Amino acid sequence: MPFISFEGIDASGKSTQINLLCEFLKKKEIDFLVVREPGGTSIGEKVREILLSPESHMFPETEFLLYAASRAQLVREKILPALKDKKFVIADRFADSSVAYQGFGRGIGIDKIDSINNFATLNIVPDITFIIDIPVEVSLQRKAEKRDRIELEKREFIEKVREGYHVLSKDPRFVLIDGNRDIMEVHHDIVNILKERKII
Ligand code: ADP
């Protein structure tokens, strides 16, 4: 069964679109699993707490390795068994988030990110990755009332992440979706692309 992932800056609409896609899959009686990064396993949820804690200063390398650790656990504990069970797996963020955030955003070399990502993921790569793209300003407006470590980062950092996603989108595995539109329009685009690519 397919393995697909959703990427994009915060508040781009990943969870909203994943929820709509799940409704669609339920109607079609397709068995699926949704996993969330960081987290999705009990070890990963603990790693998530460390990552989102605003108290500690964290170096980019530490941050990346924590994300990779949670990803390693998620792949082995959840993703691979579900794929073996013929489930449709949907990841809310996966390895590409580290390329965009720790690579393009924080400046860690992309080669290093790729090699540690490959080690963490056992080289599994999504069949298709939707990058939901919105301007940084829209992201900041949508999440105006929420606060965590990433959300306190400067606007330039989020700009770099967004540009990183634009660079990634040149590869045919990625589909860049304009997320600054009506929620249902975005959803229909996603479903149509999955149909075109014979994934559903
Ligand atoms: P993410 O999972 O990417 O962080 P969410 O799906 O949680 O994003 O969406 C963040 C906020 O933006 C939510 O309040 C959601 O209702 C809203 N939102 C999502 N998609 C759209 C859209 N296309 N237009 C307007 N608001 C949206």
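Counting starts at 1 for both ligands and their atoms, in listed order. For this chain, numbers begin at 1 and follow the sequence in order. Quick caveat: nothing in here was measured; it's all calculated off a predicted structure.
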Worksheet item: Can you list the atoms of ligand 1 that are under 4.0 Å from a heavy atom of Gly179?
Response: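 Selected atoms, number and element: 23 (N).
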
Practice prompt. Determine whether the side chain, the backbone, both or neither of Arg181 has a heavy atom under 4.0 Å from any heavy atom of ligand 1.
Written response: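 Under 4.0 Å from ligand 1, Arg181 contributes backbone atoms alone.
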
Item to complete: Kindly identify the option in Ser15, Ser12, Gly13, Ser139 whose heavy atom sits closest to atom 7 (O) of ligand 1.
Response: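 Minimum heavy-atom distance to atom 7 (O) of ligand 1 goes to Ser15.
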
Fill in: Candidate with minimal heavy-atom separation from atom 15 (C) of ligand 1, of Asn180, Thr16, Val138
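The residue whose heavy atom sits nearest atom 15 (C) of ligand 1 is Thr16.
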
Discussion item. Among residues at least two apart in sequence or on other chains, which ones pass ring-ring contact (aromatic ring centres under 6.0 Å, His included) with Phe104?
Written reply: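 Phe104: no ring-ring contact (aromatic ring centres under 6.0 Å, His included) contacts found.
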
Item to complete: Say whether Val186 and ligand 1 are in contact under the criterion: heavy-atom distance to a ligand atom below 4.0 Å.
Response: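 So Val186 does not count as touching ligand 1.
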
Worksheet item: When Ile, Leu, Val, Met, Phe, Trp and Tyr are grouped by side-chain heavy atoms lying under 4.5 Å apart, directly or through other members, which residues fall in the same group as Phe59?
Response: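 When side chains under 4.5 Å apart are linked, Phe59 ends up in no cluster with other residues.
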
Fill in: Option passing side chain to side chain contact (heavy atoms under 4.5 Å, CB included) with Phe130 (candidates Leu21, Val175, Val186)
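It is Val175, the one option of Leu21, Val175, Val186 that forms the side chain to side chain contact (heavy atoms under 4.5 Å, CB included) with Phe130.
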
Worksheet item: Relative to Phe6, does Arg93 satisfy both conditions: NZ or CZ under 6.0 angstrom from the six-membered ring centre, and within 45 degrees of the ring's axis?
Response: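 So Arg93 doesn't make the cation-pi contact.
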
Worksheet entry | Nearest atoms (heavy-atom pairs only) where Tyr165 meets Asp96 |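 Heavy atoms of Tyr165 and Asp96 come nearest at CE2-O, 4.3 Å.
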
Discussion item. Test your reading of the structure: does Arg142 have an N or O sitting under 3.5 Å from an N or O of ligand 1?
Written reply: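 So ligand 1 has an N or O lying under 3.5 Å from an N or O of Arg142.
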
